[in-house]
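Accompanying notes for the structure given below.
For ligands, and for the atoms within them, numbers begin at 1 and follow the listed sequence.
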Amino acid sequence: MAVARVRDILAARGGEELALNDAYLNPQLGRIVRTLGLDRRWVRGEGPYLVDERGDRYLDLLCGYGVFALGRNHPEVVAALEDVLEARTANLPQLGVTLLTGVLAEELVARAPASIAAMVPANSGTEAVEAAIKLARAATGRPRILYAEHAFHGLTLGSLSLNGNAEFRDGFGPLLPGCDPVPFGDLDALERELARGGVAAFVVEPVQGKGVNLPPDGYLAGAQERCRAAGALFCVDEVQTGLGRTGRLFALEHWGLEPDLITLAKALSGGFVPTGAVLCSRAVMDRVFDGMERGVRHGSTFGGNDLAAAAGLATLRVLEREGLVEHAARMGDLLLELTRPLVDRYDIVRDVRGLGLMWAIELGEPAGAGRRLYRAVDRAQPGLAAQLLTVPLFHDHRILCQVAGHRMSVVKALPALVVSEADVRGFAAALEEVVAEAERVPTALASLAWRVGRQVVGGRR
Ligand SMILES: Cc1ncc(COP(=O)(O)O)c(C=O)c1O
């Protein structure tokens with residue numbers, strides 16, 4: 001049987017998504033999606049929205065885990081990709097260099113801190129982190145990499161070795177030797193590990209994605225200073241925070257950091273082309289690629305391809321022309337202003353935090369009548385309480401958002417940077433409604449949690 005044309009597949013086979021997933025992809029993902037009732041048939045993406053087969057629009061606060069910073073299907077990114085296809089460019093000559101990737105590197109370096117001089121292309125966030133580990137080791141001649149507890153840097157083996165969450169690491173060992181965790185925010189602990197010697201780099205997210213943990217005042221600048229003093233490289237992982245997400249082009253601008261290495265991915269894709277990059281200092285570039293015989297010692301077949309470069313260039317252009325970084329800062333401030341008061345208004349809300357459009361609400365055990373139920377729910381499946389917000393947000397308010405990590409009662413939102421003020425206000429109002437509901441009706445809370453818990457726990461086995 002011949003493989004059908006894509007347009008025919010899209011026209012004729014819609015509705016088979018879950019069956020195909022269960023047969024050939026990951027059936028457990030299918031179970032999760034069905035259990036949470038998220039099994040919509042998505043037919044289109046428009047800016048900050050996902051559209052289902054009935055034409056209903058859902059505000060997508062998951063944003064493809066941060067990929068759709070410009071929203072979905074931004075026409076300018078589409079046009080840039082069409083330009084490349086139309087030009088029939090001499091993509092990936094491999095023993096040769098191309099224009100678009102060079103211009104992308106030039107534009108990124110021009111916007112990065114003064115410590116940055118060059119770019120190493122990659123194809124994803126985890127691949128950028130893998131490259132950063134290799135560059136750090138090769139540039140310093142040292143083996144050790146430090147990372148923060150609760151960190152997330154990707155799921156290939158090197159990045160996984162810097163993952164501060166057991167649920168991702170378990171069962172995949174042995175991981176890379178020489179990778180040691182330090183508590184996020186603890187400069188003394190970092191200093192102690194650096195003093196043990198042999199540290200090539202400290203790799204850190206400026207705002208941790210798992211849980212949306214903000215750094216304490218002075219932490220990142222202090223970490224940079226201590227790395228310098230110890231001769232270790234300072235690597236800021238901006239895969240999630242980069243390109244406007246936190247209300248600055250690079251999150252590191254909030255603290256005036258000057259790292260040796262910066263990893264990027266997600267938003268750089270324009271929402272279309274898997275991509276990544278490591279921005280590095282001249283010293284790192286020259287020490288790693290220190291002669292012709294070592295000129296190709298790191299790389300990747302698709303790294304620096306024309307479609308990825310075009311998507312990255314279009315992303316920078318749109319971010320600047322539409323003022324999206326400033327817009328993200330304003331919308332983030334508004335979201336915090338509207339949602340922070342929930343901490344005082346509701347017993348069940350422990351914290352609301354965020355930076356720019358990286359936002360989270362954390363639930364905790366209520367003091368009143370719901371305490372026993374909450375505990376029981378949390379014992380059955382730690383962190384499950386957060387689904388008590390995400391499920392009604394989806395079903396009653398058409399808002400898609402995520403639990404911020406395993407075993408945590410934290411709901412996270414990563415709106416597209418193009419999100420409107422009306423949608424931010426709509427989300428805040430919807431959130432208050434579901435929080436109030438969860439607090440008012442503990443039995444409903446428990447029954448929903450049990451339903452979800454049984455299925456999800458069963459599904460894991
Ligand atoms: C900070 C950070 N680094 C690295 C990664 C890995 O990126 P990817 O999923 O593209 O491999 C992620 C993904 O969520 C991330 O948030």
Side-chain angles (χ1 to χ4, degrees), residues 26 29 61-69 120-136 145-165 167-169 172 175-176 179 181 184 201-215 220 223 234-246 248 250-252 254 257 259 261-279 300 302-303 305 308 311-312 315 354-360 401-406 408 410 412-414:
N26 179 352
L29 177 61
L61 302 184
L62 214 75
C63 219
Y65 295 142
V67 159
F68 299 106
V120 176
N123 300 299
S124 66
T126 198
E127 208 190 275
V129 171
E130 297 283 341
I133 295 170
K134 287 182 67 186
L135 297 181
I145 307 286
L146 302 181
Y147 65 93
E149 288 174 4
H150 305 295
F152 188 93
H153 299 289
L155 296 178
T156 53
L157 278 178
S159 307
L160 192 60
S161 309
L162 313 186
N163 192 305
N165 302 282
E167 55 281 356
F168 286 110
R169 301 166 65 103
F172 294 108
L175 302 179
L176 276 192
C179 298
F184 184 65
F202 174 46
V203 179
V204 66
E205 299 155 270
V207 179
Q208 290 193 315
K210 294 284 166 220
V212 186
N213 301 318
L214 298 166
L220 294 170
F234 182 56
C235 174
V236 177
D237 182 352
E238 294 250 17
V239 165
Q240 186 160 152
T241 53
L243 303 183
R245 169 62 51 199
T246 69
R248 300 285 177 94
F250 299 102
L252 54 81
H254 288 286
L257 305 174
L261 296 157
I262 303 171
T263 48
L264 290 174
K266 295 195 191 274
L268 194 62
S269 69
F272 283 96
V273 187
T275 190
V278 186
L279 303 181
S300 162
F302 282 103
N305 73 80
T315 299
L355 188 63
L357 285 175
M358 200 167 169
W359 171 98
C401 56
Q402 68 179 122
V403 174
H406 291 272
M408 54 173 81
V410 181
K412 171 176 172 183
L414 290 180

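The contact set between ligand 1 and Gly154, taken as ligand atoms under 4.0 Å from a residue heavy atom, comprises 4 (C), 5 (C), 6 (C). Shown in contact with Phe152 at under 4.0 Å from a heavy atom are these atoms of ligand 1, numbered in order with element: 1 (C), 2 (C), 3 (N), 12 (C), 13 (C), 14 (O), 15 (C).
The shortest N or O to N or O distance between Glu127 and ligand 1 is not below 3.5 Å. Close N/O approach between Val239 and ligand 1 is not found [any backbone or side-chain N/O within under 3.5 Å]. Among the atoms of Glu205, none of the N or O lies under 3.5 angstrom from an N or O of ligand 1.
From the protein, the heavy atom lying nearest to atom 3 (N) of ligand 1 is Asp237 OD2, 2.7 Å. Counting only heavy atoms of the protein, atom 16 (O) of ligand 1 lies nearest to Gln240 NE2, 2.9 Å.
The shortest side-chain heavy-atom distance between Leu414 and Gln240 falls under the 4.5 Å cut-off. By the 4.5 Å heavy-atom criterion applied to side chains, Leu264 and Phe250 are counted as neighbours. For the pair Ile133 and Leu162, the minimum side-chain heavy-atom distance is below 4.5 Å. A heavy-atom distance below 4.5 Å is not found between the side chains of Pro206 and Leu252. With a 4.5 Å cut-off on side-chain heavy atoms, Asp237 and Val129 count as touching. Proximity of Val204 to Phe184: side-chain heavy atoms (C-beta onward) are separated by under 4.5 Å at one or more points. Side-chain contact between Phe234 and Val236 is present, with heavy atoms from C-beta onward closer than 4.5 Å.
For Lys266, the closest heavy-atom approach to ligand 1 falls below 4.0 Å.
With a 4.0 Å heavy-atom cut-off, ligand 1 is reached by no atom of Tyr65.
Closest approach of Cys235 and Thr263 over heavy atoms only: SG-CG2, 4.5 Å.
Here atom 7 (O) of ligand 1 lies nearest to Gly125 when heavy atoms of Gly125, Gly66, Pro206 are compared.
Distance check on atom 10 (O) of ligand 1: some protein heavy atom falls below the 4.0 Å cut-off.
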